[in-house]
*Asks:* 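Structure below; questions to follow.
Residue numbers start from 1 in every chain, and the chains themselves are labelled A, B, ... in the order their sequence lines are given, proteins ahead of strands.
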There are 2 protein chains.
Amino acid sequence: MINITLKQLRYFEALARHGHFGKAAEACAISQPALSMQIKEMEEVLGATLFERGGRQIRLTHFGEIAADRARDILRSAEELGDLARASRDRLVGRLRIGVIPTIAPYLLPSVVGALTKSYPELDIHVRETVTPKLIDELDDGRLDTAIVALPVSEATLAETALFSERFVLVRSAREANAPLPNADSLREMRLLLLEEGHCFRDQALSFCNLQSGPPREVLDASSLSTLVQMVSAGMGVTLIPEMAVPVETRSASVAISRFEAPEPTRTIGMVWRRRSPLAGQLAEIAEIVRRSAEGLTALREQPAIS
Amino acid sequence: MINITLKQLRYFEALARHGHFGKAAEACAISQPALSMQIKEMEEVLGATLFERGGRQIRLTHFGEIAADRARDILRSAEELGDLARASRDRLVGRLRIGVIPTIAPYLLPSVVGALTKSYPELDIHVRETVTPKLIDELDDGRLDTAIVALPVSEATLAETALFSERFVLVRSAREANAPLPNADSLREMRLLLLEEGHCFRDQALSFCNLQSGPPREVLDASSLSTLVQMVSAGMGVTLIPEMAVPVETRSASVAISRFEAPEPTRTIGMVWRRRSPLAGQLAEIAEIVRRSAEGLTALREQPAIS
DNA sequence: AAGTTCAATAAGTTCATCTTATGATCAATA
DNA sequence: TATTGATCATAAGATGAACTTATTGAACTT
């Protein structure tokens with residue numbers, strides 16, 4: 001291992017440029033002997049002469065010229081490391097890997113990504129959409145910087161902040177639009193369509209039903225809210241969806257949306273990240289941006305409740 | 001100016017690789033606190049976090065990954081600087097800029113360049129052919145590494161070593177081949193063709209004539225020995241050429257070559273270089289190679305002297 | 001031959017870096 | 001829940017590298 005120092009390279013570069021020990025030393029803000037010694041040291045370590053010392057002037061040897069080029073390369077590269085650091089601390093920059101659960105992603109992301117790129121133009125946003133357990137794993141491994149999931153997560157290593165809470169609404173086929181609103185009990189008697197295993201929304205919907213009484217009579221699993229709504233539209237049953245999904249999912253389906261009577265089922269969506277993440281401070285900022293983006297979306301859902 | 005050190009980069013790289021302070025410290029042959037401190041110092045200087053310190057494991061931040069890449073770049077580049085140095089000191093390598101006077105170059109260079117590339121395959125030989133004063137200037141400026149000229153040069157800054165000495169021979173037109181050999185005196189009466197001003201060979205030839213008596217009656221200048229011989233062949237006069245030029249220059253000309261009687265005119269050809277040149281040692285080796293190449297050429301000229 | 005310029009050397013001081021020892025934090029386990 | 005083990009941070013003292021000023025030495029100039 002060669003044991004030259006960046007300091008030596010700096011001195012060397014200065015000497016190569018000035019061709020004069022005194023001037024180079026002055027440029028480096030050190031004394032002439034200090035520079036002489038470091039150059040000598042460098043020549044000894046390299047085992048090669050860098051300068052040809054003539055009485056009046058010094059000149060780079062051929063190897064010295066090669067070395068000077070290389071030294072400039074190295075010094076520039078080191079400077080750039082400093083630049084990179086500065087860029088990454090002044091404002092959020094580089095990559096932000098954000099995980100979102102599937103029952104939020106399609107409705108929240110468009111406005112969130114827009115708001116983020118507006119606030120942090122140099123941010124390279126990577127999105128991962130999958131179920132909560134995987135998101136938490138990836139967060140723990142450092143494969144994600146943050147995740148938007150339903151709270152609570154209750155991992156000691158993770159910080160969490162609430163973003164908003166959203167209601168669940170009932171989706172029935174259009175011809176049942178005027179039928180009486182079922183309560184949790186009567187939902188059990190209907191054909192309830194739910195997301196497949198793994199989705200937290202499935203558990204949340206089920207827990208609402210089970211809150212009052214046993215499990216529903218029959219359950220059919222789908223892999224997305226979109227599919228669920230299409231199934232409902234085809235008369236295969238009823239389902240629950242988060243209110244935020246309503247505008248998108250009911251646009252092309254003939255279904256009726258109904259809010260439940262109090263106590264309405266809701267869930268809290270929040271953002272989580274590793275407590276120790278150096279991005280922690282900036283993630284709190286980002287949470288605020290997400291919160292404001294979501295406000296726009298939740299304002300949208302003020303449709304009259306079917307009571 | 002960013003004040004990180006290569007040492008810090010080495011420690012950082014080790015830590016990035018091992019993901020463990022203790023192991024990285026061991027790999028660097030230092031104590032764990034020493035490594036901790038240097039990493040901390042580096043983070044402070046850069047103003048950015050490099051590692052996310054979890055209780056059980058540490059992980060590079062995003063910036064840390066970028067920095068690690070950059071650090072590896074820099075370290076590799078520094079290692080290569082050492083390699084370059086090693087390569088350049090083990091054997092002569094790279095560029096050798098060699099100057100040769102015009103009355104030697106065409107006859108000596110073919111065998112010398114061949115011998116040099118055989119001995120130093122990685123040597124990149126640059127040849128400069130011009131008159132002695134220019135060669136000496138360029139040598140002094142560092143634009144040449146060495147020069148082959150007629151001795152003595154007598155520059156205090158330059159080292160010189162004799163390579164060989166060569167006779168001057170008389171060139172007459174073929175039909176004068178059997179005429180009596182002129183002595184220096186009678187040369188003055190003939191039309192003597194010489195090289196133009198500036199060539200040392202001109203001065204050497206003149207000094208031979210003047211040695212015994214005044215300047216020659218008439219002088220015509222040519223710019224190369226080849227031209228001189230062609231002029232002689234055309235019956236325009238006589239000339240002197242160095243013996244080494246005979247095989248090449250008389251091949252296609254109908255001229256007669258005659259050696260002078262003792263004391264024969266000769267000159268000593270030698271090699272010169274800056275005393276302080278770091279190549280000094282290797283230039284002495286090169287001189288030896290040139291010497292041996294020239295031996296082949298001087299053996300060639302053992303033609304019977306016309307007495 | 002004397003003076004000037006410039007780099008190398010010498011001697012002493014300062015400051016950075018290392019070491020050992022200890023403390024703090026977190027995770028795993030009884 | 002307290003304990004233990006692992007891991008990194010901190011503290012304090014020791015070492016050594018790098019710097020300073022002063023001086024010498026060599027080469028070029030006048």
*Asks:* Phosphate oxygens OP1/OP2 of dT5(C): is one of them under 4.0 Å from a side-chain N or O of His20(A)?
*Replies:*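 No.
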*Asks:* Let me have a per-nucleotide readout for nucleotides 9-18 of chain D, 5' to 3', with B, S or -, counting only protein heavy atoms under 4.0 Å.
*Replies:* BB-------S
*Asks:* For Tyr11(A), what residues pass the ring-ring contact (aromatic ring centres under 6.0 Å, His included) criterion, not counting sequence neighbours?
*Replies:*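 Tyr11(A) satisfies ring-ring contact (aromatic ring centres under 6.0 Å, His included) with no other residue.
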*Asks:* Without decimals, in angstroms, what is the distance between Leu15(B) CG and dT7(D) C1'?
*Replies:*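 Going from CG in Leu15(B) over to C1' in dT7(D) covers 12 Å.
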*Asks:* Taking salt bridge (charged side-chain N to carboxylate O under 4.0 Å, His left out) as the definition, give me every residue that meets it alongside Arg76(A), ordered by chain and number, with sequence neighbours left out.
*Replies:*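 Salt bridge (charged side-chain N to carboxylate O under 4.0 Å, His left out) check on Arg76(A) returns Asp73(A), Glu80(A).
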*Asks:* Does a nitrogen or oxygen in the side chain of Ser31(A) sit under 4.0 Å from OP1 or OP2 of dT20(D)?
*Replies:*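 Affirmative; the distance criterion is met.
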*Asks:* Which residues pass the ring-ring contact (aromatic ring centres under 6.0 Å, His included) test with Phe51(A), sequence neighbours left out?
*Replies:*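 With sequence neighbours excluded, Phe51(A) shows a ring-ring contact (aromatic ring centres under 6.0 Å, His included) to Phe12(A), given in chain and number order.
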*Asks:* Using 4.0 Å as the upper bound for N to carboxylate O, is an ion pair formed by Glu196(B) and Arg202(B)?
*Replies:*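 Salt bridge flag = no for Glu196(B) with Arg202(B).
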*Asks:* For Ala156(B) and for Ile58(B), locate the closest nucleotide of DNA chain D by heavy-atom distance; then report the residue assigned to the nucleotide nearer the 5' terminus.
*Replies:*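 In this pair, the answer is Ile58(B).
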*Asks:* If the condition is side-chain contact (heavy atoms from CB on, under 4.5 Å), which residues does Ala48(B) pass it with, not counting sequence neighbours?
*Replies:*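 Partners of Ala48(B) by the side-chain contact (heavy atoms from CB on, under 4.5 Å) criterion, ordered by chain and then number, come out as Ala85(A), Ser88(A), Phe63(B).
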*Asks:* What is the distance, to the nearest angstrom, from the CD atom on Glu43(B) to the C1' atom on dC8(D)?
*Replies:*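 Roughly 12 Å, once rounded to whole Å.
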*Asks:* Output the rounded distance in Å from CZ (Arg274(A)) to P (dC26(C)).
*Replies:*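 One finds 16 Å between P of dC26(C) and CZ of Arg274(A), rounded.
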*Asks:* If the condition is side-chain hydrogen bond (donor to acceptor under 3.5 Å, both in side chains), which residues does Glu13(A) pass it with, not counting sequence neighbours?
*Replies:*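 For Glu13(A), the residues satisfying side-chain hydrogen bond (donor to acceptor under 3.5 Å, both in side chains) (neighbours in sequence not counted) are Arg17(A), Arg72(A).
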